[in-house]
K.L.:
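Before anything else, here's the structure in question.
Residue numbers start from 1 in every chain, and the chains themselves are labelled A, B, ... in the order their sequence lines are given, proteins ahead of strands. If you're wondering where the values come from, they're calculated on a predicted model, not measured in any experiment.
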Number of protein chains: 2
Amino acid sequence: MQPPFHRLVEFVPLSAEEAEMARGWLVDSRRIARGKPIRQEGEPVKGVFFLLDGWAGSSLLLRDGRRQIVKVHLPGDMLGFPSLALSHAGETLEALTDATICSFPNAAIGRMFRELPRLAMALFLSTQKERVALMQKLSWVGATSAMERLTAFLLDLHHRLQAAGLAQAGCFDFPITQQQLGELLGMSTVHINRTFKSLDETGCISRGRGRIEVLDFAGLQRLAASFPPDFAGHDAWARLDNSSRF
Amino acid sequence: MQPPFHRLVEFVPLSAEEAEMARGWLVDSRRIARGKPIRQEGEPVKGVFFLLDGWAGSSLLLRDGRRQIVKVHLPGDMLGFPSLALSHAGETLEALTDATICSFPNAAIGRMFRELPRLAMALFLSTQKERVALMQKLSWVGATSAMERLTAFLLDLHHRLQAAGLAQAGCFDFPITQQQLGELLGMSTVHINRTFKSLDETGCISRGRGRIEVLDFAGLQRLAASFPPDFAGHDAWARLDNSSRF
DNA sequence: CGCTGGGTTGAGGGGGCTCAAAAGTGGTGG
DNA sequence: CCACCACTTTTGAGCCCCCTCAACCCAGCG
């Protein structure tokens, strides 16, 4: 299988040497069972992770045990970058399905910045894009209703799954529980269920045993409150690479 | 006045050459009046900004006009980095008070990655820390009550103001309106007001014409739901710089 | 077949919203 | 110095979205 580099080459086309290097990272991968932690909040930060297969989630814990899932990660995503600036992880990484990851030690990041600036820049831009996505998520949770949140999430998810080649004709696996969905969107399990049911009844989507099919994209988009999120940035490197003076 | 580089040198001590370079960026600064936009959502991304003085906010707009303020920026913060991966800005930057900024064109970023990898790394880590802060904010908005959100925000704000040298003995300027606070924390103006009043009545803080004084830190912390956010990462560069093999 | 995790549904209550208006506050010009 | 204005803060009343608690159902599995 082709390793899922679509997130990495999005901004900077990889040279032969860089591609070689990137493939070298994947040598030792690790399987994680569904529900098992990859790295817990508070553990020392020894590196970051690359999700090769399966879904993962990053989450924060509150004092009283409530939990906020911050992001659902799909194959090709990098996990754990935010904690790179911390000595001990600020987020819990957890496999939402059986998953395959490989690790990427701290020192490799430093070395990349010194020796492969183009690749470092690609990674940098990729994490900035994550930040935009996170900002959008915050705006869903902070300023929209349950139905708007759910539809916005489904549209975004479909978009990302498609980019990873994991959705065909609006149809994709949906392996997370409604409880997890609640923790992700900041609502109770019960209300997730009701909202999901009522969305189902609009005819815009159809649900069935761990899969979802989008039947009416335009309808979904009308239900969501946020703009279509995409000001694509594929020319980012070109804009940043021109050698004008400081 | 010493330029506010505290956010930059947090991870990587600047060499003489780098410090020189950094000072060079500040040559042409621009004043922005309170309430005026620095860059609107959708405008072409020509660079990022460095906030020298005053408060700024970054926000997202929804279709129906609702707005989510994603972050309040203080002197020393970098603005607009998330949009660097996009051709057109995904966030609106706006002066919350009269502010002074200076600009930092795209090409300068590219050049920094090629020629000053240590500085690039410092910036990279700094933006990752922003991401952690954003994740924490999401967890406030998604999983906590109005009172918890407000107190968590005030504690975080005080922490950051202190780092910038803008708070003494728990006392600091607080120049934003309750409407803006509502858009920031995902609640209505009216409910911000009631919550603020009731917080005032606990005796933990005291408010007065654009200033706030924290009277009881322990009490505030008890009211907030999140852990003290800090796994400081000042040794980040050391962890990333050691020259072990890939 | 019983057990367990997840999905579904009902009833009731409360936190936060909307609408509306009054009471500061500061800025501006006469 | 005062009158007026726009903006902000404060307060009240009513209601609704979403939460909690509590069943019940369903499918998969040992």
Side-chain angles (χ1 to χ4, degrees), chain A residues 33-36 55 57 62 64-69 94-98 140-151 153 173-201 205-212 223 225, chain B residues 33-36 55 57 62 64-69 94-98 140-151 153 173-201 205-212 223 225:
Chain A
R34 177 191 130 99
K36 294 282 183 248
W55 291 26
L62 300 180
D64 56 10
R66 279 170 298 179
R67 195 165 78 125
Q68 175 71 41
I69 298 183
E94 171 192 356
L96 297 178
T97 68
D98 290 348
W140 301 346
V141 173
T144 78
S145 73
M147 180 63 84
E148 290 167 325
R149 263 178 248 186
L150 182 57
T151 53
F153 171 68
D173 282 332
F174 192 75
I176 63 180
T177 69
Q178 294 186 354
Q179 162 143 27
Q180 291 165 335
L181 203 47
E183 290 170 339
L184 181 70
L185 299 179
M187 28 195 298
S188 72
T189 311
V190 174
H191 202 241
I192 283 282
N193 185 284
R194 284 193 234 275
T195 310
F196 225 145
K197 182 188 172 197
S198 116
L199 176 59
D200 206 339
E201 285 165 353
I205 67 163
S206 124
R207 294 176 293 163
R209 46 198 64 269
R211 286 184 69 77
I212 286 186
L223 287 173
Chain B
R34 176 191 132 99
K36 293 283 183 247
W55 291 26
L62 300 180
D64 57 9
R66 280 171 297 178
R67 194 164 80 124
Q68 175 71 42
I69 298 183
E94 170 192 359
L96 297 178
T97 68
D98 289 348
W140 302 346
V141 173
T144 77
S145 73
M147 181 62 86
E148 290 167 325
R149 264 178 247 186
L150 182 57
T151 53
F153 170 67
D173 282 333
F174 192 76
I176 62 180
T177 68
Q178 294 185 356
Q179 163 146 24
Q180 291 165 335
L181 202 48
E183 290 169 340
L184 181 71
L185 299 179
M187 28 196 298
S188 71
T189 311
V190 174
H191 202 242
I192 283 282
N193 185 282
R194 285 194 233 274
T195 310
F196 225 146
K197 181 188 173 196
S198 116
L199 176 59
D200 206 339
E201 286 165 352
I205 66 164
S206 123
R207 294 177 293 162
R209 47 196 66 268
R211 287 184 68 78
I212 286 186
L223 287 174

K.L.:
Whole angstroms only, please: what is the NE2-C1' distance between B/His191 and D/dC16?
P.N.:
14 Å
K.L.:
Quick one: which of D/dC21, D/dT8, C/dT18 gets closest to the side chain of A/Val190?
P.N.:
D/dC21
K.L.:
Considering only D/dC18, D/dT20, D/dG12, which nucleotide approaches the side chain of A/Arg194 most closely?
P.N.:
D/dT20
K.L.:
Using OP1 and OP2 only, check whether a side-chain N or O of B/Gln179 sits under 4.0 Å from D/dT8.
P.N.:
no
K.L.:
Which heavy atom of B/Glu94 sits nearest to which heavy atom of B/Gly35, and what is that distance?
P.N.:
OE2-O, 3.9 Å
K.L.:
State plainly whether the residues B/Asp98 and B/Arg34 are in salt-bridge range, i.e. N to O under 4.0 Å.
P.N.:
no
K.L.:
Under the side chain to side chain contact (heavy atoms under 4.5 Å, CB included) test against A/Ile205, which residue among A/Leu150, A/Leu199, A/Thr151 passes?
P.N.:
A/Leu199
K.L.:
Starting the side chain at C-beta, find the nucleotide from D/dT10, D/dC18, D/dT11 nearest to B/Arg207.
P.N.:
D/dT10
K.L.:
In whole Å, what is the span from the CG atom of A/Asp200 to the C1' atom of C/dT9?
P.N.:
15 Å
K.L.:
Just call it for B/Ser188: base, sugar-phosphate, or nothing, with non-hydrogen atoms closer than 4.0 Å on any strand.
P.N.:
base
K.L.:
For B/Leu181 and D/dT9, what is the distance between atoms CG and P respectively, to the nearest whole Å?
P.N.:
9 Å
K.L.:
Take atom CZ of B/Phe174 and atom P of C/dT25, then tell me their distance rounded to the nearest Å.
P.N.:
17 Å
K.L.:
For a quick check of understanding: with a heavy-atom distance under 4.0 Å over all strands, which category does B/Arg34 fall into, base, sugar-phosphate or nothing?
P.N.:
sugar-phosphate
K.L.:
Evaluate the criterion side-chain contact (heavy atoms from CB on, under 4.5 Å) for residue pair A/Thr195 and A/Met187; output intermediate values, then yes/no.
P.N.:
CA-CA 10 Å; A/Thr195 310; A/Met187 28 195 298; 3.8 Å; yes
K.L.:
5'-most contact on DNA chain D: A/Thr144 or A/Arg209, nearest heavy atom basis?
P.N.:
A/Thr144
K.L.:
Specify the separation, in whole Å, of atom CD1 of B/Ile192 and atom P of D/dT8.
P.N.:
15 Å
K.L.:
Touch check for A/Gly186, heavy atoms < 4.0 angstrom, all strands: base, sugar-phosphate only, or nothing?
P.N.:
sugar-phosphate
K.L.:
Please state how far atom CZ in B/Arg149 lies from atom P in C/dG15, giving the value in whole angstrom units.
P.N.:
13 Å
K.L.:
Rounded to the nearest Å, what distance is computed from the CZ atom of residue A/Arg211 to the C1' atom of nucleotide D/dA27?
P.N.:
19 Å
K.L.:
Quick one: OG1 on A/Thr97 to CG on A/Asp173, what's the gap to the nearest 0.5 Å?
P.N.:
9.5 Å
K.L.:
By nearest nucleotide on DNA chain D, pick out whichever of B/Asn193 and A/Ala146 is the more 5' one.
P.N.:
B/Asn193
K.L.:
Less than 4.0 angstrom between a side-chain N/O of A/Lys197 and OP1 or OP2 of C/dT8, yes or no?
P.N.:
no
K.L.:
NA contact type, B/Thr189, heavy-atom cut-off 4.0 Å: base, sugar-phosphate, or nothing?
P.N.:
nothing
K.L.:
Without decimals, in angstroms, what is the distance between A/Asp64 CG and D/dC19 C1'?
P.N.:
15 Å
